[in-house]
Amino acid sequence: MTELRALKIYNTLSGKKEEFHPITPGYIGMYVCGPTVYSDVHLGNCRTFCSFDTIYRHLLHSGYKVRYVRNITDVGHLTDEGEDRMAKGAKVAQLEPMEVAQRYTVGFHDMMRIFNTLPPSIEPRATGHILEQIEMVQQILDRGLAYLSNGSVYFDVPKFATENEGVYGSVSGRILEDLYTETRELKSQEEKRHPADFAIWMKARPQDLMIWNSPWSIGFPGWHLECSAMSTKYLGKTFDIHGGGNDLKFPHHENEVAQNHGACGCKPANYWVHTNMLLLNGKKMSKSDGNTISPTELFTGNSEHTSKAYSPMAVRFFMLQAHYRSTLDITDDGLMAAEKGFLKIMETNRILQSLPVDPRDFDGSETDTDRSILALIQDTFAGMDDDFNTAISIACLNELGSYVHKLVNQQLDASQISPWVLERMKTVFSTFIFDIFGLKDESDSVQDSGTIEGLMSLILDIRGQARDQKDWTTSDKIRDTLSAVGITLKDGKDGVSWAKL
RNA sequence: GGUUUCCUGGCCGAGUGGUUAGGCACAGCUCUGCAAAAGCUGCUACAGCGGUUCGAAUCCGUUGGAAACCUCCA
């Protein structure tokens with residue numbers, strides 16, 4: 001195993017960046033709350049999962065063996081009307097609940113693939129773990145931290161808070177006393193002893209479709225329970241990292257901690273990582289209030305919010321330019337700038353990878369330029385090691401890129417960069433762009449196409465002849481026409497190159 | 001109402017008690033048949049007001065503005 005660098009992670013529990021120490025050296029268990037599959041994913045969901053994908057990739061690249069668990073919520077999520085979301089979707093579409101879940105699960109996976117995220121190690125479904133959840137309810141009951149009320153089982157928050165001082169509220173910072181002031185009328189309020197209590201098993205009503213038998217009633221598990229049960233099953237009672245969007249801090253994550261404590265007597269995760277929201281028009285993007293833009297609308301340009309289409313990787317790069325803990329406001333200008341930045345860094349990488357490396361003279365001696373480059377490389381890693389600061393690492397790559405361009409333009413003598421340093425630059429560049437940031441070269445499919453390569457070489461040959469004869473009319477016509485179909489020509493010192501934008 | 005966070009140059013966005021973030025845009029120059037690309041240079045900011053400090057955009061207080069959570073949400 002490679003030597004592990006020091007890694008800092010911002011832990012919601014402490015409100016600080018902490019040095020990361022896994023429970024088992026070299027191994028990491030990470031659980032991330034996945035989507036509820038009752039409609040198409042929106043961009044906000046994508047940002048969270050792209051953020052955790054980058055985190056996952058960086059942990060992997062740092063040499064850890066990571067078990068990354070991300071669930072699919074396909075039951076138990078209540079709407080405002082107290083109706084199960086799967087069942088609601090089903091009634092509208094005249095489909096079986098599991099058919100709805102299946103359809104949107106497939107859609108979700110497609111989108112994750114488009115964003116080039118790595119699949120998690122395990123992707124458990126809530127409906128596949130009903131037994132585990134019933135078992136956990138029983139454990140909590142056995143410890144006297146839940147009570148039965150009219151066939152439903154409620155978690156006794158005040159009792160738990162009293163017996164485990166400082167635990168309830170450790171994620172969200174919420175104080176139990178504040179929860180008394182809640183005035184909201186809930187359907188099942190009268191069944192609860194305290195407003196902060198929450199259902200871990202719900203007795204079914206006649207309209208509920210997704211129901212299971214249990215020792216207490218025919219019903220279904222509470223929403224918060226699935227994550228507790230599945231994280232325990234696959235990662236153990238206490239694991240390393242628990243992640244999710246920061247809108248899940250309360251009540252979801254707070255209650256999750258309570259349930260795990262209630263069932264096992266210990267905390268579920270050492271580090272809680274929360275990603276911030278994607279904003280549209282300065283407001284949180286949200287399905288329920290309609291303030292959304294779908295990934296597809298973005299990719300096709302078919303949206304009132306954008307002036308053009310943006311490729312998936314341009315969007316991913318846009319996200320990478322901001323820190324995962326900051327809100328990110330999606331704007332046309334921002335996307336446009338990101339798109340250009342993305343194309344430029346990919347182009348820089350292509351140039352860098354094509355630079356010849358002198359195979360001799362790998363003696364390890366350093367020039368001043370070498371030292372500057374090596375320091376930059378170190379900063380690039382340091383950025384990601386400091387709470388996954390993608391923005392810093394990108395800035396460093398851009399600075400490294402400047403050396404590449406100077407070299408190509410012969411503003412920097414090739415002898416100033418030792419072969420082994422150039423080799424290292426190549427590795428670092430592609431490692432970050434492809435392996436850690438999860439970007440891919442979207443022009444690859446075009447560049448690699450033999451047909452187009454052949455055509456282009458013919459066209460450039462003809463244009464070259466025209467230029468030799470100073471026939472600028474023909475030369476410019478070719479360039480302009482190609483430009484119109486999205487191919488840009490560059491007349492460099494060493495011949496003509498082209499790129500599809 | 002309660003809890004928390006944020007306010008950076010034309011735009012997007014990092015960051016730290018004293019030193020250039022980076023990208024995009026813009027202007028000039030170099031290169032070029034002209035462009036493009038690339039390089040160089042310029043534009044150099046930290047909401048307002050107080051305080052702590054030798055020194056604060058960075059710490060504290062306060063005013064103003066925004067957001068998130070408190071209810072399903074990534």
field: Donor-acceptor pair between Arg57(A) and Thr117(A) side chains, under 3.5 angstrom
entry: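 No pair is found: no donor N or O on one side chain lies under 3.5 Å from an acceptor on the other.
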message: Between Glu442(A) and Ser311(A), is there a side-chain donor-acceptor contact under 3.5 Å, judged purely by atom types and distance?
response: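 There is such a pair between these side chains.
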task: Decide yes or no on side-chain contact (heavy atoms from CB on, under 4.5 Å) for Glu297(A) and His305(A), but give the supporting numbers first.
output: CA-CA 9 Å; Glu297(A) 285 170 335; His305(A) 302 292; 5.9 Å; no
Could you state the [atom1]-[atom2] distance from [X] to [N], rounded to the nearest angstrom?
| X | N | atom1 | atom2 | result |
| --- | --- | --- | --- | --- |
| Gln321(A) | C12(B) | CD | C1' | 7 Å |
| Leu439(A) | G23(B) | CG | P | 16 Å |
| Asp197(A) | U71(B) | CG | P | 13 Å |
| Lys283(A) | U5(B) | NZ | P | 21 Å |
| Leu482(A) | A37(B) | CG | P | 16 Å |
| Met336(A) | C26(B) | CE | P | 12 Å |
| Asp329(A) | A68(B) | CG | P | 11 Å |
| Leu328(A) | C11(B) | CG | C1' | 14 Å |

Under 4.0 Å from OP1 or OP2 of [N]: is there any side-chain N or O of [X] that close?
| X | N | answer |
| --- | --- | --- |
| Lys406(A) | C40(B) | yes |
| Ser286(A) | A74(B) | no |
| His323(A) | A14(B) | no |
| Lys344(A) | C24(B) | yes |
| Asn409(A) | G39(B) | no |
| Asn389(A) | G15(B) | yes |

From the options [options], select the nucleotide whose nearest atom is closest to the side chain of [X].
| X | options | value |
| --- | --- | --- |
| Ile392(A) | A14(B), G22(B), G33(B) | A14(B) |
| Thr36(A) | A74(B), A68(B), G23(B) | A74(B) |
| Phe49(A) | A74(B), C24(B), C34(B) | A74(B) |
| Glu399(A) | A21(B), A74(B), C12(B) | A21(B) |
| Pro251(A) | G13(B), C70(B), A74(B) | C70(B) |
| Ala395(A) | G13(B), A68(B), G22(B) | G22(B) |
| Leu248(A) | A67(B), A74(B), A36(B) | A74(B) |

How would you label the contact of [X] with the nucleic acid (heavy atoms, under 4.0 Å): base, sugar-phosphate, or nothing?
| X | result |
| --- | --- |
| Leu489(A) | base |
| Met285(A) | base |
| Asn398(A) | sugar-phosphate |
| Leu278(A) | base |
| Gly383(A) | nothing |
| His252(A) | nothing |
| Gly244(A) | sugar-phosphate |
| Lys340(A) | sugar-phosphate |
| Asp476(A) | base |
| Lys490(A) | base |

Measuring only the [atom1] atom in each nucleotide, how far is [N] from [M]? A whole number of Å is fine.
| N | M | atom1 | answer |
| --- | --- | --- | --- |
| G2(B) | A45(B) | C1' | 35 Å |
| G18(B) | U53(B) | C1' | 11 Å |
| C49(B) | G64(B) | P | 15 Å |
| A38(B) | A74(B) | C1' | 40 Å |
| C43(B) | C24(B) | C1' | 14 Å |

message: Less than 4.5 Å apart, side chain to side chain, heavy atoms only: is that true for Asn276(A) and Leu328(A)?
response: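 No, side chains not in contact.
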message: Can you tell me how the ring of His242(A) sits relative to the ring of Trp272(A), calling it parallel under 30°, perpendicular over 60° and tilted otherwise?
response: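 Ring orientation, 0 to 90° scale: parallel.
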query: Where does the angle between the aromatic ring planes of Phe49(A) and Phe108(A) fall among parallel (under 30°), tilted (30 to 60°) and perpendicular (over 60°)?
result: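 Answer is perpendicular, since the angle exceeds 60°.
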Candidate pair Glu226(A) and Arg125(A), rule salt bridge (Lys or Arg N to Asp or Glu O under 4.0 Å), full reasoning: CA-CA 9 Å; Glu226(A) 55 171 287; Arg125(A) 290 168 164 268; over 6 Å; no
- prompt: Ile9(A) pairs by side-chain contact (heavy atoms from CB on, under 4.5 Å) with which of Val273(A), Asp385(A), Asp240(A), Ile55(A)?
  reply: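 Single pass found, and it is Val273(A).
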Hey, does the side-chain of [X] have a donor or acceptor N/O within less than 3.5 Å of a partner on the base of [N]?
| X | N | value |
| --- | --- | --- |
| Ser475(A) | G33(B) | yes |
| Arg479(A) | A35(B) | yes |
| Asp491(A) | C34(B) | yes |

message: For G33(B), is there a stacking contact with Trp472(A), counting only centres under 5.5 Å and planes under 30°?
response: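 Here the ring of Trp472(A) and the base of G33(B) are stacked, with centres under 5.5 Å and planes under 30°.
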- prompt: Phe198(A): what forms a ring-ring contact (aromatic ring centres under 6.0 Å, His included) with it, not counting sequence neighbours?
  reply: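 Phe198(A) satisfies ring-ring contact (aromatic ring centres under 6.0 Å, His included) with Phe155(A), His224(A) only.
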query: Taking for each residue the nucleotide of RNA chain B with the nearest heavy atom, is it Arg463(A) or Asp333(A) whose nucleotide lies nearer the 5' end?
result: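 The residue whose closest nucleotide sits nearer the 5' end is Asp333(A).
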Whichever of Phe342(A) and Asp386(A) has its nearest RNA chain B nucleotide further upstream toward 5':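 Between the two, 5'-proximity favours Asp386(A).
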- request: Enumerate, in order of first residue number, the stems that involve RNA chain B, defined as 3 or more consecutive Watson-Crick or G-U wobble pairs with both distances under 3.5 Å.
  value: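 Listed by first number, the stems are B:1-7 with B:64-70, B:10-12 with B:22-24, B:26-30 with B:38-42, B:47-51 with B:59-63.
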- request: Run the ring-centre check on Phe432(A) versus Phe381(A) and record whether the distance is less than 6.0 Å.
  value: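 Ring-ring flag for Phe432(A)/Phe381(A): true, centres closer than 6.0 Å.
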message: Can you confirm whether or not the ring centre of Phe318(A) sits under 6.0 Å from the ring centre of Phe342(A)?
response: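 Ring centroids of Phe318(A) and Phe342(A) are no less than 6.0 Å from each other.
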